[in-house]
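One structure below.
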Amino acid sequence: MANYDKLAKDEINEIMMAALGVLITKGDIPAIPLPPFNVEIPSEVSHGDFSTNLAMVSGKAFKAAGARFNPRDFAAKLCAAAELSGTMFTHCEVAGPGFINFFLAPKWYAAVVNTVLTDKEAYGRSNFGGGEKVMIEFVSANPTGPMHMGNARGGALGDCLAAAMDMAGFDVSREFYINDAGNQIEKFGLSLAVRYLQIYRGEDAVPLPEDAYQGEDIKDRAKEFADIHGDSLVNADENELRRQLIDFALPKNIEKLKSDLELYRIYYDVWFRESTLHEDGEVSAVIDTLKAKGMTYEKDGALWYKNAEVLGKKLLSQGKTPDEMESLGLKDDVLIRANGNPTYFAADIAYHYNKFVKRGFKRCINVWGADHHGHVARIKGAMDALGLDGNKLDIVLMQLVRLLRDGEPYRMSKRSGKAITLSSLTDEVPVDAARFFFNLSSPASTLDFDLDLAAKTTSDNPVYYVQYAHARICSIIKKLAGDGVTPRTCTEDELCLLTLPEELSIIRLLAGYPDMLIEVAKNYDPARMTHYAIELATAFHKFYNSCRVTDENEALMQARLNLCLAVKTTVCSVLSLLKVSAPEAM
RNA sequence: GCGCCCGUAGCUCAGGGGAUAGAGCACUCGCCUCCUAAGCGAGGGGUCGCGCGUUCAAUUCGCGCCGGGCGUGCCA
């Protein structure tokens, strides 16, 4: 659980507070409250290991108190008053416009390496989440057809986010919501029925409606059904035919979703069926609750939810004027259609109520395609309307995927059913590469997925760059083992032999691993993991080129071997969170 | 119209109040008698879309434009 970056930052905070106390006691500075200050890691190594802006942010407070102020002078006073003996720092200095830069003692670096080796695969784990019960719902692809590239991105994103949040101390549950009820299932039945009848009556006799599912997969399922039942249902009641087709095809589609996702190394804790919400009366219960709260009304034969009122109140409390709200064009939403069927929205409210109330999740995260963003405010608002807290429902909006082949955009048309499916993607691109690629950009950026690049097994492909670092370490270990050298525990003094810039920059990265995972959890951005993996691999490759492990000095050799093992541990850890393999040889 | 996301090197993208803005690809030139050259080093390449504001400090925050994507259903 050790986090050396945090320890260092906390210590600088204490050192600075103590220094302020000294200056106040001596009467050098007035005893006035100062604003919060940052301790950060400078991007430039010559600026030290940690840096604080305390002197610069204090200007306003001093001037307000009528004191003369110069940030560099104040920084110099703080530096002089800073007591560093017994801390993890050797010295500090004033730099630039008034930064105070701190320099770490060698024993800090030694402790980091030692901690990684002691904690092993647990290194990086923290208690940031405090064991909070969190659900991450992702992919939730429509079971009426195959998954597409957007689902693939959502899968890689949600799964890796879940893994990182687990490391950051959350109690994470992965869930797939199966939309096995409602309009699209009706449409599914209709489409299947048409395809089935076409087999026996010809395509011209039974035309496929415009709004039906056009994909080949529907034909395939109809064919499979026909192979079993023959033409025995051609003259059956239309509704009976559809029902039988749905009962036949839906489980097959769900199984296909499962197996495709498993190929993709994604396993869920729960596959939740929308239909259970209807069968158990949870949808009508939640509608009744909204009714009882006066949040509904009837119009044109349908039951409406007062979405505009809920969102309007929220915006008013945020300081919007009624005129501004007018221009937003807030609209109400239908819960029960005039035909008596509840909408998807109604089921979704019941579903999220179920997550929070029935199953007790403290926080729910949904990974959605950006094309669903219009749904975000109203579902969160609906939670508020039910007396829950919409802020506990976080939606990660993921921008769409643009496929490139031969450098040209590869058009995906859902209507014609010519989307690239997840299973055809796994045929073409190794899973390691695909998972890595999908997590290379943050969710908010549209992603260009270059099919040719991802399929390449050359250095162009960043996933191999990282895996290669791991393979090289394994190779070193193997070589040394052949020479009769086995890794042993090093003393602090021995680890302090690691002093070269190439060695120290690796250790800085190792120390930052726990915080990186916390940032992923905070920002819902697993792309930081691939970036980190690339950075660590880069640092290692540089080390590899400038330092040899097989050194004549036994102590230094062991220290470097320890460093290699620490890198191996951390690379394996981040790759395992990404569910990318770490080959021992390439 | 309104809402959300994006605009940083030729291309794909990081960074996210701080000190000289980064990486990969592509281009040029070096480095294997030595733990894997799927690697490393050096070089060129930028008004961080434009303008105004907040701040000691803005590529980063706010507002307004411009450009691109996506929404704006009794679809999901």
Side-chain angles (χ1 to χ4, degrees), chain A residues 38 40 42-44 46-47 51 53 55-60 63 69-71 95-99 101 140 142 144 179 182-185 187 211 274 299-304 326-331 333-339 341-345 347-348 369-377 397-400 402 404 407 440-448 450 453 456-469 471-480 482-483 527-528 530-531 534-535 537-538 540-551 560-561 564 585-586:
Chain A
N38 288 335
E40 57 192 21
S43 47
E44 170 63 47
S46 67
H47 293 150
S51 171
N53 61 355
M56 291 177 291
V57 296
S58 305
K60 202 172 202 171
K63 284 172 188 165
F69 182 78
N70 173 301
F99 290 104
N101 296 337
S140 298
N142 206 316
T144 53
N179 300 125
N183 268 354
Q184 81 282 1
I185 293 298
K187 202 160 96 178
D211 62 340
E274 178 189 346
K299 193 181 84 179
D300 305 331
L303 184 73
W304 293 72
E326 180 74 35
S327 71
L328 292 177
L330 297 176
K331 287 177 194 154
D333 292 293
V334 171
L335 293 174
I336 301 180
R337 300 184 182 92
N339 67 12
N341 292 332
T343 57
Y344 171 85
F345 180 49
D348 216 21
D371 53 341
H372 288 65
H373 81 256
H375 190 55
V376 173
L397 285 177
M398 174 188 72
Q399 296 298 314
L400 303 177
R402 198 169 47 177
L404 297 179
L440 227 31
S441 304
S442 64
S445 317
T446 46
L447 180 89
D448 281 324
D450 188 327
L453 178 57
K456 261 197 208 174
T457 53
T458 70
S459 59
D460 301 0
N461 196 331
V463 69
Y464 296 105
Y465 182 82
V466 176
Q467 290 178 322
Y468 185 49
R472 273 182 150 175
I473 295 170
C474 293
S475 173
I476 291 171
I477 294 166
K478 210 166 151 190
K479 172 77 165 59
L480 285 171
D483 296 345
R528 290 164 197 260
T530 53
H531 300 154
I534 292 169
E535 268 188 87
T538 302
F540 178 77
H541 287 310
K542 288 183 185 197
F543 162 80
Y544 184 91
N545 271 270
S546 56
C547 311
R548 290 188 61 78
V549 177
T550 49
D551 196 271
R560 286 184 172 165
L561 188 50
C564 287
M586 291 172 73

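Proteins come first, then strands; the chains are lettered A, B, ... in the order of their sequence lines, and each starts at number 1.
Backbone-only contact: A:Asp448 has heavy atoms under 4.0 Å from sugar-phosphate atoms and none from a base. Within the nucleic acid shown, A:Cys474 has no heavy atom closer than 4.0 Å to any nucleic acid atom. Looking at heavy-atom distances under 4.0 Å, A:Ala444 makes contact with sugar-phosphate atoms alone, never a base. Within 4.0 Å of A:Asn101, counting heavy atoms only, lies at least one base atom of the nucleic acid. Across all strands, A:Ser442 comes closer than 4.0 Å only to sugar-phosphate atoms, never to a base (heavy-atom distances). Residue A:His531 is in sugar-phosphate contact alone, with no base atom involved, counting any heavy-atom pair closer than 4.0 Å across all strands shown. As judged by a 4.0 angstrom heavy-atom cut-off over every strand, A:Ala585 is placed among the base-contacting residues. If you check every strand for non-hydrogen atoms under 4.0 Å, A:Val57 touches a base.
Listed for the A:His541 side chain is a donor-acceptor partner under 3.5 Å among the backbone atoms of A:Tyr465. No donor-acceptor distance shorter than 3.5 angstrom exists from the side chain of A:Arg402 to the backbone of A:Leu447, with no hydrogens or angles considered. Remark: the backbone N or O of A:Asn38 is paired with a side-chain donor or acceptor of A:Asn53 at under 3.5 angstrom. A:His47 contributes no side-chain N or O that, together with a main-chain N or O of A:Ser43, makes up a donor-acceptor pair within less than 3.5 Å.
For A:Asn142, the side-chain contact (heavy atoms from CB on, under 4.5 Å) criterion is met by A:Thr144, A:Gln184, A:Tyr213, not counting sequence neighbours. Under the side-chain contact (heavy atoms from CB on, under 4.5 Å) criterion, A:Ala302 pairs with A:Trp304, A:Val334, not counting sequence neighbours. Under the side-chain contact (heavy atoms from CB on, under 4.5 Å) criterion, A:Glu535 pairs with A:Leu509, not counting sequence neighbours.
Spacing of C1' atoms, B:rG24 relative to B:rU60, comes out at 23 Å, to the nearest Å. Rounded to whole Å, the separation between the C1' atoms of B:rG45 and B:rA37 comes to 26 Å. Taking atom P in both B:rC70 and B:rC75, the straight-line distance is 23 Å, to the nearest Å. Distance check on atom C1': B:rG64 versus B:rA21 gives 26 Å, rounded to whole Å. For B:rA23 and B:rG46, the C1' atoms lie 15 Å apart once the distance is rounded to whole Å. Look at the C1' atom in both B:rC4 and B:rC40: the space between them is 44 Å, to the nearest Å. Comparing the same atom, P, in B:rC13 and in B:rC6 gives a spacing of 13 Å after rounding to whole Å. On the C1' atoms, B:rG22 is 30 Å away from B:rC35, given to the nearest whole Å.
A close approach under 4.0 Å does occur between a side-chain nitrogen or oxygen of A:Tyr465 and OP1 or OP2 of B:rC40. Between A:Thr446 and B:rG68 there is no side-chain N or O to OP1 or OP2 distance below 4.0 Å.
In this entry the distance linking CD1 of A:Ile534 with C1' of B:rG39 reads 15 Å, nearest Å. Atoms CG (A:Leu447) and P (B:rC6) sit 14 Å apart, rounded to a whole Å. One can place CD of A:Glu40 at 16 Å from P of B:rG15, the figure rounded to the nearest angstrom. Atoms CZ (A:Phe99) and P (B:rG18) sit 8 Å apart, rounded to a whole Å. Summarising the geometry, the separation between NZ on A:Lys63 and C1' on B:rC56 is reported as 6 Å, rounded to the nearest angstrom. Remark: P of B:rC5 and CZ of A:Arg402 are 19 Å apart, rounded to the nearest angstrom. When the P atom of B:rC40 is taken as reference, atom CZ of A:Arg548 falls 17 Å away, rounded to whole Å.
Ring geometry, A:Phe345 versus A:His375: the interplanar angle exceeds 60°, so the pair is classed perpendicular (tilted spans 30 to 60°).
In this entry the base of B:rC32 is syn relative to its sugar, with a glycosidic angle within 90° of 0.
We find that the ring of A:Tyr544 and the base of B:rG39 do not stack by the test of centres under 5.5 angstrom and planes tilted less than 30°.
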One character per nucleotide, please: for nucleotides 71-76 of chain B, 5' to 3', B when the base has a protein heavy atom closer than 4.0 Å, S when only the sugar-phosphate does, - otherwise. SSSBSB

Given protein heavy atoms under 4.0 Å, the one-letter contact record of nucleotides 41-46 of chain B, with B base, S sugar-phosphate only and - none, is simply S-----

Reading 5' to 3' and counting Watson-Crick or G-U wobble pairs with both distances under 3.5 Å, write the dot-bracket notation for RNA chain B, | for bases paired outside the strand. (((((((..((((....[...)))).(((((.......))))).....(((((..]....))))))))))))....

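Between A:Lys60 and A:Arg528, the residue whose closest nucleotide on RNA chain B is further toward the 5' end is A:Arg528.
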Evaluate the side chain to side chain contact (heavy atoms under 4.5 Å, CB included) criterion for residues A:Arg472 and A:Phe540: first the C-alpha distance (whole Å), next the side-chain angles of each, then the deciding distance (0.1 Å), finally the verdict. CA-CA 9 Å; A:Arg472 273 182 150 175; A:Phe540 178 77; 3.9 Å; yes

Let me see the working for A:Tyr544 and A:Ile473 under side chain to side chain contact (heavy atoms under 4.5 Å, CB included), right down to the final yes or no. CA-CA 9 Å; A:Tyr544 184 91; A:Ile473 295 170; over 6 Å; no

